[in-house]
Student: 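Could you have a look at this structure, given as structure tokens, before my questions?
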Amino acid sequence: MKSIIIDDEPDAREKLELLITKYCPQLTIAAICKDASEGLAAIETHKPDLVFLDVEMPFMTGFDMLKRINKISFEVIFTTAHDHYAIRAIKFSALDYLLKPIDLEQLQEAVNKAFEKKNIAQSEKRYENFVGNLEAKEKLTSISVPTSDGFLIIKLTDIVWCSAANFYTIIYLTNKTEIVVTRTLKQFDELLSESGFVRIHNSHLINLAHLVRYIKGAGGQVEMSNGKVLDVSRRKKEELISKINP
């Protein structure tokens, strides 16, 4: 895979170049750029398969740079020292990122994933979803989840609830479709907790927009818009009530 490094920090560029050259033989480095403007030119010239893109750069961020590209036909691994809301947007869109200082094992894992999922059509859809989430700031509107044959983009409004299934999560949609995703319910809880979802049980994460009623009890139960009745654990009851009646 032909790759490009875009980062405004000289030390970061040099370290990443060294790690890729020494430990990622499946990659060749076509260009190393010190800012987003150079990066745009290099992408146009070299048509890379993979771009290592710094998030925080002066004049134009990595995200702003992506918005200037009409069709993204390459994979992106973001590099950043800042773990804030943008990282949540990256996770939602099934993209990959590396926190600085970059760990070798995480780098190799990210490169391997990029190599496995290289698909131009899928990349365009995922990045369109990603840019949309960024423009909405912290109010995320959709997620893309990995499936056996690619990625599926799901509107948050279409998710009724999610349930735990060992190391997997089952997503229940308004159209009665059930999607099994190779992410834990804890991960979905962390990602969706600020978007109108609440964990009511070790096994249940619900979309408050689809909550029909709360049934009193030790922990109680909730009825969802699809007719499903779910148990609420005692320790989650207070949090749920506070979300229903803020």
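Treat the numbers as computed from the prediction; the structure is a model and nothing was measured.
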Student: Looking only at heavy atoms, what is the nearest atom pair of M1 and A114, with distance?
Tutor: CE-O, 4.1 Å
Student: Between CG of L107 and CG of L19, what distance do you get to the nearest 0.5 Å?
Tutor: 6.0 Å
Student: Would you compute the distance between atom CG of N207 and atom CG of L156 and round it to the nearest 0.5 angstrom?
Tutor: 7.5 Å
Student: Out of curiosity, I206 CD1 to L230 CG, how far, rounded to the nearest 0.5 Å?
Tutor: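 Nearest 0.5 Å value for the CD1-CG distance: 7.5 Å.
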Student: Take a 6.0 Å sphere around NZ of K155 and say whether it holds more than 12 heavy atoms from other residues, nucleotides or ligands.
Tutor: no
Student: Would a hydrophobic clustering, with Ile, Leu, Val, Met, Phe, Trp and Tyr connected at side-chain separations under 4.5 Å, put I69 with M60?
Tutor: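 Linked, I69 and M60 end up in one cluster.
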Student: If we only count heavy atoms from C-beta on, is the V51 to I43 side-chain gap below 4.5 Å?
Tutor: yes
Student: I need the L27 CG to I20 CD1 distance, nearest 0.5 Å.
Tutor: 6.0 Å
Student: Just by modelled atom types, is the L185 backbone N or O under 3.5 Å from a matching donor or acceptor in the T169 side chain?
Tutor: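 Confirmed, T169 side chain pairs with L185 backbone.
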Student: Could you list the residues that satisfy salt bridge (charged side-chain N to carboxylate O under 4.0 Å, His left out) with R213, not counting sequence neighbours?
Tutor: E223
Student: To check you understand the geometry: which heavy-atom pair defines the closest contact between A42 and A31, and what is its length?
Tutor: CB-CB, 3.9 Å
Student: Compare every heavy atom of P58 with every heavy atom of D8, then report the nearest pair and how far apart it is.
Tutor: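 Answer, listing the atom of D8 first, then P58: OD2-CD, 3.4 Å.
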Student: For N226, give me all partners under side chain to side chain donor-acceptor pair (under 3.5 Å), at least two apart in sequence or on another chain.
Tutor: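 N226: no side chain to side chain donor-acceptor pair (under 3.5 Å) contacts found.
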Student: Please give me the minimum heavy-atom distance between M224 and L211, naming the atom from each residue.
Tutor: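 Here M224 and L211 meet closest at CE-N, 4.0 Å.
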Student: Check whether I200 and I170 end up in the same hydrophobic cluster, where Ile, Leu, Val, Met, Phe, Trp and Tyr are linked by side-chain heavy atoms less than 4.5 Å apart.
Tutor: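 Same hydrophobic cluster.
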Student: Does anything in residues 10-28 form a side-chain hydrogen bond (donor to acceptor under 3.5 Å, both in side chains)? List the pairs, not counting sequence neighbours.
Tutor: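 Non-adjacent pairs meeting side-chain hydrogen bond (donor to acceptor under 3.5 Å, both in side chains): Q26-N112.
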Student: For H46 and P48, indicate whether the former's side chain and the latter's backbone hold a donor-acceptor pair under 3.5 Å.
Tutor: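 It does not hold such a pair.
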Student: With a 4.5 Å heavy-atom cut-off, do I77 and L50 have their side chains touching?
Tutor: yes
Student: Okay, side chain of D189, backbone of L205: is any donor-acceptor separation there less than 3.5 Å?
Tutor: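 Here the side-chain-to-backbone pair does not exist.
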Student: What closest approach, in Å, do L98 and A110 show between heavy atoms, and which atom pair accounts for it?
Tutor: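 Heavy atoms of L98 and A110 come nearest at CD2-CB, 4.2 Å.
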Student: Could you tell me whether a side-chain N or O of K47 sits under 3.5 Å from a main-chain N or O of E44, the two making a donor and an acceptor?
Tutor: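 The answer is yes, because a donor-acceptor pair under 3.5 Å joins these two groups.
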Student: Please examine the side chains of L66 and L53, heavy atoms only from C-beta on, and report whether any two atoms are closer than 4.5 Å.
Tutor: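 A side-chain contact exists here, since the closest heavy-atom pair is under 4.5 Å.
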Student: Could you walk me through whether F63 and F78 pass the ring-ring contact (aromatic ring centres under 6.0 Å, His included) check?
Tutor: CA-CA 9 Å; F63 300 139; F78 292 97; 5.3 Å; yes
Student: Could you walk me through whether C162 and H204 pass the side chain to side chain contact (heavy atoms under 4.5 Å, CB included) test, one step at a time?
Tutor: CA-CA 6 Å; C162 305; H204 310 312; over 6 Å; no
Student: Is there a side-chain contact between R183 and L191 in this structure, where contact means two heavy atoms from C-beta onward sitting under 4.5 Å apart?
Tutor: yes
Student: Can you find a heavy atom in the side chain of I179 that is under 4.5 Å from one in the side chain of I154?
Tutor: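 A side-chain contact under 4.5 Å exists here.
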Student: What's the separation between atom OG1 in T61 and atom CG in D54, rounded to the nearest 0.5 Å?
Tutor: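 Spacing of OG1 (T61) from CG (D54) equals 9.5 Å.
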Student: Could I get the full list of ring-ring contact (aromatic ring centres under 6.0 Å, His included) partners for Y172, not counting sequence neighbours?
Tutor: W161
Student: State which residues pass side-chain contact (heavy atoms from CB on, under 4.5 Å) with R234; sequence neighbours excluded, sorted by chain then number.
Tutor: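 Here the qualifying residues are A218.
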Student: I'd like to know if the side chain of D49 reaches the main chain of K2, judged simply by a donor and an acceptor atom lying under 3.5 Å from each other, with no hydrogens or angles considered.
Tutor: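 Judged by distance alone, yes, a pair lies under 3.5 Å.
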Student: A12: what forms a side-chain contact (heavy atoms from CB on, under 4.5 Å) with it, not counting sequence neighbours?
Tutor: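 Only D7, E9, K100 meet the side-chain contact (heavy atoms from CB on, under 4.5 Å) criterion with A12.
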Student: What I'd like to find out is whether the side chain of I102 reaches to under 4.5 Å of the side chain of T79, using heavy atoms alone.
Tutor: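 They are in contact (side-chain heavy atoms under 4.5 Å apart), so the answer is yes.
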Student: For the residue pair F197 and F188, is the inter-centroid distance of their aromatic rings smaller than 6.0 Å?
Tutor: no
Student: Could you list the residues that satisfy side chain to side chain donor-acceptor pair (under 3.5 Å) with T184, not counting sequence neighbours?
Tutor: Q187
Student: Applying salt bridge (charged side-chain N to carboxylate O under 4.0 Å, His left out), can you list everything that pairs with K237, at least two apart in sequence or on another chain?
Tutor: none
Student: To the nearest 0.5 Å, what is the distance between CD on E75 and OG on S3?
Tutor: 13.0 Å
Student: What pairs with N175 under side chain to side chain donor-acceptor pair (under 3.5 Å), at least two apart in sequence or on another chain?
Tutor: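 Testing N175 for side chain to side chain donor-acceptor pair (under 3.5 Å), a comparison that skips the adjacent residues, returns T177.
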Student: Assigning hydrophobic clusters by single linkage (Ile, Leu, Val, Met, Phe, Trp, Tyr; side-chain heavy-atom cutoff under 4.5 Å), is V232 placed with I244?
Tutor: yes
Student: According to a hydrophobic-cluster definition based on side-chain heavy atoms being under 4.5 Å apart (Ile, Leu, Val, Met, Phe, Trp, Tyr only), do V160 and V180 belong together?
Tutor: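 Yes: a chain of side-chain contacts under 4.5 Å links V160 to V180.
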Student: Can you list every pair that meets salt bridge (Lys or Arg N to Asp or Glu O under 4.0 Å) and has a residue in residues 25-35, with sequence neighbours left out?
Tutor: K34-E38
Student: Could you tell me which residues satisfy salt bridge (charged side-chain N to carboxylate O under 4.0 Å, His left out) with E109, sequence neighbours excluded, listed by chain and number?
Tutor: none
Student: Which residue in the set K236, K186, R235 passes side-chain hydrogen bond (donor to acceptor under 3.5 Å, both in side chains) when paired with N202?
Tutor: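 Between N202 and the candidates, side-chain hydrogen bond (donor to acceptor under 3.5 Å, both in side chains) is satisfied uniquely by R235.
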Student: Is V212 reachable from V229 through a run of I, L, V, M, F, W or Y residues, each pair having side-chain heavy atoms under 4.5 Å apart?
Tutor: no
Student: Would you say the side chain of F52 lies within less than 4.5 Å of the side chain of I32, judging by non-hydrogen atoms?
Tutor: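 In short, these two side chains do not touch, never coming nearer than 4.5 Å.
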Student: Do Y214 and L240 touch side chain to side chain, with heavy atoms closer than 4.5 Å?
Tutor: yes
Student: What do the steps show when you test I159 against L173 for side chain to side chain contact (heavy atoms under 4.5 Å, CB included), and what is the final call?
Tutor: CA-CA 5 Å; I159 300 175; L173 302 179; 3.9 Å; yes
Student: Could I get the full list of side chain to side chain donor-acceptor pair (under 3.5 Å) partners for S225, not counting sequence neighbours?
Tutor: H210
